[in-house]
Amino acid sequence: MNIKNYINGDYKNPASNDWLDNYEPASGEVYGQIPNSNAQDIEEATAFAKAAFPQWSGTTLDERSRILMNIASGIEARLEELALAESRDNGKPVSLAMAVDIPRAASNFRFFANAITQFSAESHESVGMNAMNFTLRKPIGVVGCISPWNLPLYLFTWKIAPAIAAGNCVIAKPSEVTPITAYLLGEICTEAGLPPGVLNIVHGLGHTTGQAILEHKDIKAISFTGGTKTGAHLAKTCAPMFKKLSLELGGKNPNLIFADCNYEDMLATTVRSSFANQGQICLCGSRIFVERSIYDRFKSDFISKVKELVVGHPSQESTNLGALVSKSHLEKVEDYIHNAQTYGGTVLCGGKRVTVAGYENGYYLEPTVIEVNSNDCKLNQEEIFGPVVTIMPFDTEEEALALANETKYGLSATVWTQQLDRTMHLSNALEAGIIWVNTWMNRDLRTPFGGVKASGVGREGGFEALRFFTEAKNVCIKYN
Ligand SMILES: NC(=O)C1=CN([C@@H]2O[C@H](COP(=O)(O)OP(=O)(O)OC[C@H]3O[C@@H](n4cnc5c(N)ncnc54)[C@H](O)[C@@H]3O)[C@@H](O)[C@H]2O)C=CC1
Ligand SMILES: O=C(O)/C=C/C=C(\O)C(=O)O
């Protein structure tokens, strides 16, 4: 499938006529070409976005909400087509794209269609000073949304929906590794009645297309999800230009399992939090710490369950894990496994490539469990972002807390316990933006979403996203 940029409501070739191969992870074969856009394409898209801004920012909230609802319905109407496209582009099971990725993309639009009608600003009466302040929340203008390959349409729309709901015009770049559903979104937006120029979808590599977005002087804010190293580069580029930044970056999330937990519930969820989407979710619990009294039982039960997981072609209903997203990513993940001993661990199960009949060049890898005896090792400190978890015992709650916090990351943490005091103590003390207790990836779109430390800056979700995509302006009125 060959795709084009979506600029001012039209599909266009890149100015340079430079194209990139797009790979199907399940077969390892090239199945299409995508534009590698440059600064000229970004300039053109931004000019159209700027031209569309006065009208879009003045469009009533009811009308914006109606169009966003139409987009949500348009996504739902093409659920199967989008799920198949997402699976083909990314390697994830079709069943996962049908149940999670595409429904969530529709929910993102529906949620912000509603949220914008409920969003309000504050007023502050300066009592005794005969002055009244009120805050205006103005759309920023043209904003950039840059998203990764692991949850392609899910995360692309998680940024675009609040940006346009708040009255901005958008230059959006999906990952060059998984561009297809973003391409299809253009058609859906046109059919939904989104005016030309409000959303412009530009494809290409990070250091060409993405970099041109960062450097464009008229793009005033950037919402980014991706790797921590890229996030640091964005911050370095954008800070001197005083751009507003939201960075949702990597994680090395701890999973703290106490002996008093609901064991069966914990076991089933821990398998999912380890290997969902081939472990390629920034929220996956990749460091599993287990109270010593249940460590051996957990180790044996967990390994048995992991061995039951089926690695297979994404289109098969029986498949639990599909293909990893790319050859280079597969090799990166494998490096941690092949060097497990040197990096401080022992492989307990998995670790090998899987050959799927008829798709011998696909990027399939067994779900892998590695035992470590220290949290300092490379396996426990670096984001692997694949179907690999480590396990390690702990003795006390204080030790578990220290292990959890001993990392440069701080995205999410999961705690398994029935004790209320422990729940409260750990929820307060864990250094993470998201704490799950006796659950994982339980999402309410109103909640603040994001991390601390090297996991990012700012929060997405709910009114936090609408605050990010607006500038606060205070008006102070003196009266007699
Ligand atoms: N959701 C997450 O937390 C994600 C984390 N990662 C982590 O990052 C590692 C590297 O993966 P990559 O695919 O290289 O992720 P990346 O962070 O480079 O890619 C994310 C997005 O940023 C864009 N980008 C890259 N360089 C850019 C630049 N100079 N200016 C503007 N945009 C730029 C990419 O084109 C893509 O759209 C992974 O192995 C994983 O550890 C990757 C993807 C998602
Ligand atoms: O549920 C969400 O809003 C986000 C989920 C996952 C990511 O952000 C990620 O993997 O990057």
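As the structure lists them, so they are numbered: ligands from 1, and atoms in each ligand from 1. Numbering of residues begins at 1 and proceeds along the displayed sequence. Everything numeric in this text was worked out from a predicted model, so none of it was measured.
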Here the gap from Met1 atom CE to Ile34 atom CD1, rounded to the nearest 0.5 Å, amounts to 12.0 Å
Legend entry - Evaluation steps, ring pair (Phe, Tyr, Trp, His ring centres under 6.0 Å), between Phe119 and Phe463: CA-CA 7 Å; Phe119 188 48; Phe463 290 159; 5.5 Å; yes
Any heavy atom of Lys332 under 4.0 Å from ligand 1? The part involved is side chain
| request: Could you check if a side-chain atom of Ile370 sits within less than 4.5 angstrom of a side-chain atom of Ile391, using non-hydrogen atoms only? | output: no
Charged N to carboxylate O under 4.0 angstrom, Arg353 versus Glu334?
yes
Can Glu431 and Lys453 be counted as an ion pair, charged N to O under 4.0 angstrom? yes
Query raised in the report: Do you see a donor-acceptor pair shorter than 3.5 Å between the side chains of Ser27 and Glu24?
Result: yes
Handout entry: NZ/NE/NH1/NH2 to OD/OE distance under 4.0 Å, Lys252 and Glu383
Key = no
Numbered in order shown, the ligand 1 atoms found under 4.0 Å of a heavy atom of Gln211 are 28 (C), 29 (N), 30 (N), 31 (C)
Residue, atom and distance of the protein heavy atom nearest atom 23 (C) of ligand 1 read Ile146 CG2, 3.7 Å
**Q.** Heavy atom of protein inside 4.0 Å of atom 14 (O) of ligand 1, strictly below
**A.** no
Numbered in order shown, the ligand 1 atoms found under 4.0 Å of a heavy atom of Ser147 are 21 (C), 36 (C), 37 (O)
Answer yes if a protein heavy atom lies under 4.0 Å from atom 33 (C) of ligand 1, otherwise answer no.
yes
For a 4.5 angstrom cut-off between non-hydrogen side-chain atoms, does Val415 reach Asn255?
no
shortest atom 10 (C) of ligand 1-to-protein heavy-atom contact is with Gly227 CA, 4.9 Å
**Any Phe156 side-chain heavy atom under 4.5 Å of Thr225 side chain** = no
> Would you call Tyr6 and Asn200 a side-chain contact if the rule is heavy atoms closer than 4.5 Å?
Replying inline: no
One finds that the ligand 1 atoms under 4.0 Å from a non-hydrogen atom of Thr230 are 16 (P), 17 (O), 18 (O), 24 (N), 25 (C), 26 (N), 27 (C), 33 (C)
Among non-hydrogen protein atoms, atom 12 (P) of ligand 1 lies closest to Trp149 NE1, 3.8 Å
Taking only non-hydrogen atoms of Phe224 and a 4.0 Å limit, the atoms of ligand 1 in range are 17 (O), 20 (C), 21 (C), 22 (O)
Atom 3 (O) of ligand 1 has as its nearest protein heavy atom Cys282 CB, 3.1 Å
Atoms of ligand 1 under 4.0 Å from any heavy atom of Lys173, numbered from 1 in the order shown, are 34 (C), 35 (O), 37 (O)
(Q) Is the ring pair Phe385/His329 parallel, tilted or perpendicular, if the boundaries are 30 and 60 degrees? (A) perpendicular
(request) For residues Ile337 and Val388, determine if any side-chain heavy atom of one lies less than 4.5 Å from a side-chain heavy atom of the other. (result) yes
Note: ligand 1 atoms sitting under 4.0 Å from heavy atoms of Pro148 are 43 (C), 44 (C)
Logged contact type for His329 with ligand 1, heavy-atom cut-off 4.0 Å, is side chain
Note to self: Tell me whether the rings of Trp158 and Phe449 are parallel (<30°), tilted (30 to 60°) or perpendicular (>60°).
What the structure shows: perpendicular
Logged contact type for Leu214 with ligand 1, heavy-atom cut-off 4.0 Å, is side chain
Q.
Check Lys220 with Glu471, please: is the shortest side-chain N to carboxylate O separation under 4.0 Å?
A. no
Of Ser328, Ser455, Gly226, Gly250, the one whose closest heavy atom lies nearest atom 5 (C) of ligand 1 is Gly226
Numbered in order shown, the ligand 1 atoms found under 4.0 Å of a heavy atom of Glu176 are 34 (C), 35 (O)
- Task: Please determine if Glu383 has a nitrogen or oxygen closer than 3.5 Å to a nitrogen or oxygen of ligand 1.
- Result: yes
Phe468 six-ring face occupied by Lys244 cation (under 6.0 Å, within 45°): yes
Fill in: Geometric class of the Tyr183/Tyr11 ring pair [parallel <30°, tilted 30-60°, perpendicular >60°]
tilted
Nearest non-hydrogen protein atom to atom 4 (C) of ligand 1, with distance, is Phe385 CZ, 3.4 Å
Here the atoms of ligand 1 under 4.0 Å from any heavy atom belonging to Gly206 are 24 (N), 25 (C), 26 (N), 27 (C), 28 (C), 29 (N), 30 (N), 31 (C), 32 (N), 33 (C), 35 (O)
Short version for His233: what comes under 4.0 Å of ligand 1, heavy atoms counted, is side chain
Counting only non-hydrogen atoms and a 4.0 Å cut-off, the residues near ligand 2 are Arg104, Asn150, Leu151, Tyr154, Leu155, Trp158, Thr225, Glu248, Ile281, Cys282, Leu283, Met441, Arg443, Phe449
>> My question is simple, although I want it checked carefully: is atom 8 (O) of ligand 1 less than 4.0 angstrom from any protein heavy atom?
In response: yes
Are Glu76 and Arg110 close enough for a salt bridge, meaning some N to O gap below 4.0 Å?
yes
Has ligand 1 got any nitrogen or oxygen that is less than 3.5 angstrom from a nitrogen or oxygen of Leu155?
no
